[in-house]
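Read through the structure below, which is laid out as structure tokens, and then see the notes.
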Amino acid sequence: MDVEGYNGGCHCDGTVQSGGEMDKEHQLNCFQDYSLEDSKNSITRENMKLSCGGNCTNCDPAFCSPDVMVKVTDEGDSVETSVDTCTTDNRQWNSLSLAGLPPELILVIFSYLDARFALSVLTGVCKLFHHLLSPESSWKTRFGKRWPQRDKREDYDYVTSWKRICVQHEDMDAFWQDPVASLDFYELKDQHFATVDTVHVMRGGELCISGSRDRSVGVWNLNALSVPDEAGYGKKSFKQALDGHKVGWVWCLSSDPTGAPRVCSGSWDSKIKLWDLQGRNVEMTTISTHKAAVLCMSWEQEMLISGSYDKSISLWDLRAGNIISRVKNHSRPVLCLSVDDKFIISGSEDKTLCVYDRRAAQVYKTVKLESPVFSLCHSSSCGYNYLRVGGREGRLHLLDTTADRFEEITPSIELDSKGKISAMCHYGGAVVACSTDKSIKVLEPSRVLSVIHSFDCHSGQVASVSSRGPVLASCFSELSIGIWRPKNLRPAPRI
């Protein structure tokens, strides 16, 4: 801005005295001319005076009229301007406010902002924003415009929350934008001398527990992992081996849902062992409630639910140390479990899915399928009313759980896989499914599943996947465990 040659088109010569209507009109004209001429410069006390040649005291912010309030801040004499109860002649000074825009335009502006930010921050700004962002219809429209290729009408009847789905899909897109560049892969090995059949991540991704056919339980400290290029990181991260199962393969694991360092292991020796990973006596207790191999477990509050090769499901009270009940709803071994506060859902080799009502203590529904049930994954946490059921030859069955219907959605989906879907879990907003054909596929969580990414790190059958927090773990027949973790979580190098 050329200060010496600038007159700004000002309509005064600096001689107008303060006070009166002439004074107000003069201030408005001077401020308007300066703002239009040089909007790139900050509005300061000095710049306000320069717009009138520096001789007009009426343009000093300290003498502004009530119609145009100019607030002088402490830092750098910068000012903020706002118009209050303007007259008709002065309405041209009204700045457009966001709340004054049409609701449709406000929602379009909000669609460019992060969904999590909109729900957690903008809804608390004012009542208008809260009313605009509260209806599910607003988020349904946002989803359709943001992801038209994913906007499947088939999903509409099975959506629990469009808000949750929008947040989940934004997180998923950001997480899986470039997994090769953003994720570190670690292979933990040289501790088990037989096939690793189960893996479990606990304590927010700090610990990984592995169970093997060498009858041992391995404990791995994932905080000890730095960069994948570091030599010997597997040995460095290995914490201890738990050797309580003397005669049976360790087949399943589950940890304390409260985050306490306790873990249960189930084995082909028909026993369940409870371990305290911080206590002096690591092995706390042994539970002998089944007559055959323990194949699956779920720890809910202080209750442990286990499924066995003996076709039964047991409910064990860990506080009292006694069995609560035992149910036998299948004609073949129980292979997998999914438990919440209302139902115990069990899958069996007899090609049935049994839904057991915990409150009524009776079978709620039995669903017959065309394949044995090897794995289960409930997606209500992702905003969909689906229960995913993993079968043989890459078959994935979907059950609608809306209003507790548990009805199969036909037809079932066939993944590009030749083996059985041995395990599934949620990770990075998506569904991760592993198979005995050595593949690990990352799937969109909607009804029409599409593969987002495939991990090709294993040359053996993948038996299990588990996730907690930012960590995904897998185990396979190569006697090792695979760990994926975002690169930005690498510990800072020691100086």
Side-chain angles (χ1 to χ4, degrees), residues 39-40 42-43 69-76 78-85 93-152 155-156 158-179 181-183 203-205 259 379-385 426-431 444-446 452 467-472 485-490:
S39 59
K40 294 183 180 179
S42 60
I43 304 174
M69 297 186 301
V70 183
K71 179 182 177 182
V72 182
T73 60
D74 294 332
E75 298 180 5
S78 62
V79 298
E80 297 175 4
T81 63
S82 63
V83 181
D84 184 28
T85 60
W93 296 104
N94 273 325
S95 300
L96 285 176
S97 64
L98 188 60
L101 297 176
E104 296 83 0
L105 185 55
I106 296 176
L107 288 174
V108 170
I109 295 173
F110 286 171
S111 69
Y112 289 92
L113 301 177
D114 180 74
R116 194 182 299 276
F117 172 81
L119 287 169
S120 61
V121 178
L122 293 181
T123 53
V125 171
C126 63
K127 289 184 178 180
L128 173 63
F129 293 175
H130 177 78
H131 291 321
L132 288 176
L133 293 172
S134 293
E136 286 287 312
S137 58
S138 299
W139 294 92
K140 181 178 179 180
T141 302
R142 176 187 175 115
F143 185 89
K145 292 182 178 180
R146 176 78 61 96
W147 300 284
Q149 74 281 7
R150 299 177 187 168
D151 189 25
K152 306 295 184 181
D155 284 328
Y156 288 179
Y158 316 112
V159 171
T160 60
S161 171
W162 286 101
K163 298 174 185 177
R164 190 182 303 171
I165 287 177
C166 285
V167 172
Q168 183 260 346
H169 275 261
E170 284 189 9
D171 292 346
M172 181 180 68
D173 287 348
F175 191 90
W176 297 105
Q177 184 176 7
D178 189 1
S182 62
L183 295 178
R203 304 207 68 179
S379 294
S380 58
S381 61
C382 291
Y384 293 102
N385 288 323
H426 292 109
Y427 181 62
V431 177
E444 283 191 12
S446 62
I452 300 174
S467 69
R468 188 66 58 90
V471 174
L472 173 68
R485 188 177 66 182
K487 291 184 178 180
N488 56 14
L489 295 181
R490 290 179 182 178

For the side chain of Tyr427 and the backbone of Gly469, is there at least one donor-acceptor N/O pair under 3.5 Å apart? no
Which heavy atom in Pro486 sits nearest to a heavy atom in Pro470, and how many Å separate them? CD-O, 3.2 Å
Are any of the side-chain heavy atoms of Met172 and Ile452 separated by less than 4.5 Å? yes
Over all heavy atoms of both residues, which pair between Trp176 and Ala430 is shortest? Give the atoms and the distance, please. NE1-CB, 3.8 Å
Determine which pairs satisfy salt bridge (charged side-chain N to carboxylate O under 4.0 Å, His left out) with at least one residue from residues 114-124, sequence neighbours left out, and list them in order. Arg116-Asp171
How long is the gap from CD1 on Ile106 to CD on Glu104, to the nearest 0.5 Å? 9.0 Å
Donor-acceptor pair, distance only, cut-off 3.5 Å: does the side chain of Thr160 make one with the backbone of Asn385? no
How many angstroms lie between atom CZ of Arg485 and atom CZ of Arg490, to the nearest 0.5 angstrom? 9.0 Å
With a 4.5 Å cut-off on side-chain heavy atoms, are Trp139 and Ile165 touching? no
Point-to-point distance, once rounded to the nearest 0.5 Å, from OG of Ser446 to CD of Gln168: 9.0 Å
Considering only NZ, NE, NH1 and NH2 on the basic side and carboxylate oxygens on the acidic side, decide whether Asp173 and Arg150 come within less than 4.0 Å. yes
Where do His426 and Val431 come nearest, in terms of heavy atoms and distance? CD2-CG2, 3.9 Å
Interatomic spacing from CD in Glu136 to CZ in Arg164 - rounded to 0.5 Å: 9.5 Å
Please tell me if the side chains of Leu183 and Lys487 come closer than 4.5 Å, counting only heavy atoms from C-beta onward. no
Please report the interatomic distance CG(Leu107) to OH(Tyr112), rounded to the nearest 0.5 Å. 13.0 Å
For this output row, return yes or no: ring centroids of Phe143 and Trp147 closer than 6.0 angstrom. yes
Could you tell me the separation between the CG atom of Leu119 and the NE2 atom of His130, rounded to the nearest 0.5 Å? 11.0 Å
Can you tell if the side chain of Asp151 reaches within under 4.5 Å of the side chain of Tyr156, non-hydrogen atoms only? yes
Heavy-atom side-chain contact between Trp162 and Ser138 under 4.5 Å: no
Would you say that more than 12 heavy atoms from the other residues, nucleotides or ligands in this model lie under 6.0 Å from the NZ of Lys145, or not? no
Heavy-atom closest pair (Leu128 atom, Ala99 atom, distance to 0.1 Å) is CD2-O, 3.6 Å
Check whether Arg468 reaches the backbone of Gly204 with its side chain - one donor and one acceptor, N or O, closer than 3.5 Å. no
For His169 and Pro445, work out which heavy atoms get closest and say how close. NE2-CG, 4.2 Å
Which atoms form the tightest heavy-atom contact between Phe129 and Leu122, and what is the distance? CB-O, 3.3 Å
